[in-house]
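As structure tokens, the structure follows; a few thoughts come after it.
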2 protein chains.
Amino acid sequence: MKTLVLIGGISQNSLSKTVYNQIVKHNNTNLTFGTFDISALPYFSQDLENNPPQTVKDLQNAVKQADAVIFITPEYNRSFPGVLKNAIDWATRPYGQNLWNEKPAAIVGVSLGKIGGFGAVQHLKNVCSFLNMNVMNQPEVYLDASSSMENGEFVPDTVEFLQMVLKNFENWVEKTK
Amino acid sequence: MKTLVLIGGISQNSLSKTVYNQIVKHNNTNLTFGTFDISALPYFSQDLENNPPQTVKDLQNAVKQADAVIFITPEYNRSFPGVLKNAIDWATRPYGQNLWNEKPAAIVGVSLGKIGGFGAVQHLKNVCSFLNMNVMNQPEVYLDASSSMENGEFVPDTVEFLQMVLKNFENWVEKTK
């Protein structure tokens, strides 16, 4: 089952990218993962939506073809990054075309602090709810990078946790897709 | 008193731009208004923050020099646009440099629907609270464009409401700056 992973942290060595790499490395399910470079998208504008550039069409096709979605988000100022909000909005335009509708989804928060992106995840959940995505409620994932990673790898406890999450998500996708 | 207005709708004829033009046209206070083209900013990335491009420095200077801030936001999928979140985040980086701290602020929601951007405004308030901005609580501003505007101008009732809001904001800025 094709799972599109959108990654909120776009810097070269972002924590979000580390999380993505660890998901791919420790995948214990039949889900297959692919990502999309959301930093290549222009800002959403109604001036562009009827004749969007190729990157926007590529994103929209990637969402259409996905059986499931995972958002990996850092927390910036108690919400999620603009670059991620912008990508989500593009796949809902023009008006009436909500490509996220009924997609099974999981949200992974990651930050350097102990609340692990909780604020970002909550705002993102509000948006996913409006978009009628089927977001997995439990287990929740709030990764504190200072205790869950070492040298760009998850520590063993986090690998175990991640694999439990992925198994649950695989079941959720099968049930709701 | 210099008031920086950030406008969330970047299309040429966005409702947010109409609201900005009407604020400037019907200004009944000693506030002076200027805006900034947030669509010229790159996406926030930690790779850029220590040596950011000139547009980022220009935004950061504009925030520093402002006595007050107004956000005018459309609602996209029950939150505010990525381009606006991105601009807000840039003025909080590198870590420890929150240029929004203690700025008096007002938030204006505008949409085509009757809830007038309520969802966008709530998310934006969460972020402003974290940033320790002094946001004016009342009067709240949720503009339903279908009833508040005609041919790109506010109807008389909306002009009256806007001027009441601006007078309150002027008092708020004087009290809290």
Side-chain angles (χ1 to χ4, degrees), chain A residues 7-17 37-50 73-93 95 98-101 111-113 115 118-120 122-133, chain B residues 7-17 37-50 73-93 95 98-101 111-113 115 118-120 122-133:
Chain A
I7 301 173
I10 63 172
S11 66
Q12 247 183 321
N13 300 309
S14 77
L15 296 172
S16 311
K17 287 183 180 170
D37 178 12
I38 58 175
S39 72
L41 297 165
Y43 290 119
F44 171 75
S45 164
Q46 283 193 287
D47 297 339
L48 301 179
E49 67 180 348
N50 289 313
T73 185
E75 181 169 290
Y76 298 162
N77 301 314
R78 299 289 178 256
S79 188
F80 58 103
V83 64
L84 181 54
K85 178 58 163 52
N86 188 68
I88 293 171
D89 289 336
W90 266 120
T92 67
R93 300 295 305 192
Y95 182 77
N98 169 17
L99 301 176
W100 305 106
N101 188 47
S111 77
L112 280 171
I115 61 175
F118 180 86
Q122 295 310 306
H123 273 193
L124 190 44
K125 278 189 177 173
N126 293 161
V127 171
C128 291
S129 166
F130 175 71
L131 295 173
N132 200 34
M133 302 182 80
Chain B
I7 301 172
I10 64 171
S11 65
Q12 246 182 323
N13 301 308
S14 77
L15 296 172
S16 310
K17 287 184 180 169
D37 178 13
I38 58 175
S39 72
L41 296 164
Y43 291 119
F44 171 74
S45 164
Q46 284 193 287
D47 296 339
L48 301 178
E49 68 180 347
N50 289 313
T73 185
E75 181 169 290
Y76 298 162
N77 302 313
R78 299 289 178 256
S79 188
F80 59 102
V83 64
L84 181 55
K85 178 60 162 53
N86 188 68
I88 292 171
D89 289 337
W90 266 122
T92 67
R93 299 297 304 190
Y95 183 77
N98 169 17
L99 302 176
W100 304 106
N101 187 46
S111 77
L112 280 172
I115 60 175
F118 181 85
Q122 296 311 306
H123 273 194
L124 190 44
K125 279 188 177 173
N126 292 162
V127 172
C128 291
S129 165
F130 175 70
L131 296 172
N132 199 33
M133 301 182 79

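Within every chain, numbering begins at 1; the chains are lettered A, B, ... in the order of the sequence lines, protein sequences first and strands thereafter.
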Among the listed options B:Gly82, B:Pro42, B:Ala87, the residue most often paired with chain A at heavy-atom distances under 4.5 Å: B:Gly82
Which atoms of A:Ser39 approach chain B - backbone, side chain, both or neither, heavy atom under 4.5 Å: both
B:Ile38 portion near chain A, given a 4.5 angstrom heavy-atom threshold: backbone
Atom group of A:Leu84 that falls short of 4.5 Å from chain B, counting heavy atoms: neither
Within-4.5 Å side-chain heavy-atom neighbours: B:Glu49 and B:Trp90: yes
Backbone N/O of B:Ser11 and side chain of B:Lys17: donor-acceptor pair under 3.5 Å: yes
Under 4.5 Å from any heavy atom of chain A - which part of B:Ser79: both
Student check: side-chain heavy atoms of A:Thr73 and A:Pro81 closer than 4.5 Å: yes
Heavy-atom pairs under 4.5 Å with chain A, option from B:Asn86, B:Asp89, B:Val127 with the top count: B:Asp89
Heavy-atom pair of closest approach, residues B:Ile10 and A:Ser45: CG1-CB, 4.0 Å
Contact summary for A:Gly9 and A:Pro74, nearest pair of heavy atoms: N-CD, 3.7 Å
B:Leu124 versus chain A, the contacting section by heavy-atom distance below 4.5 Å: neither
Least distance between heavy atoms, A:Trp100 atom then A:Thr92 atom: CD1-CG2, 3.6 Å
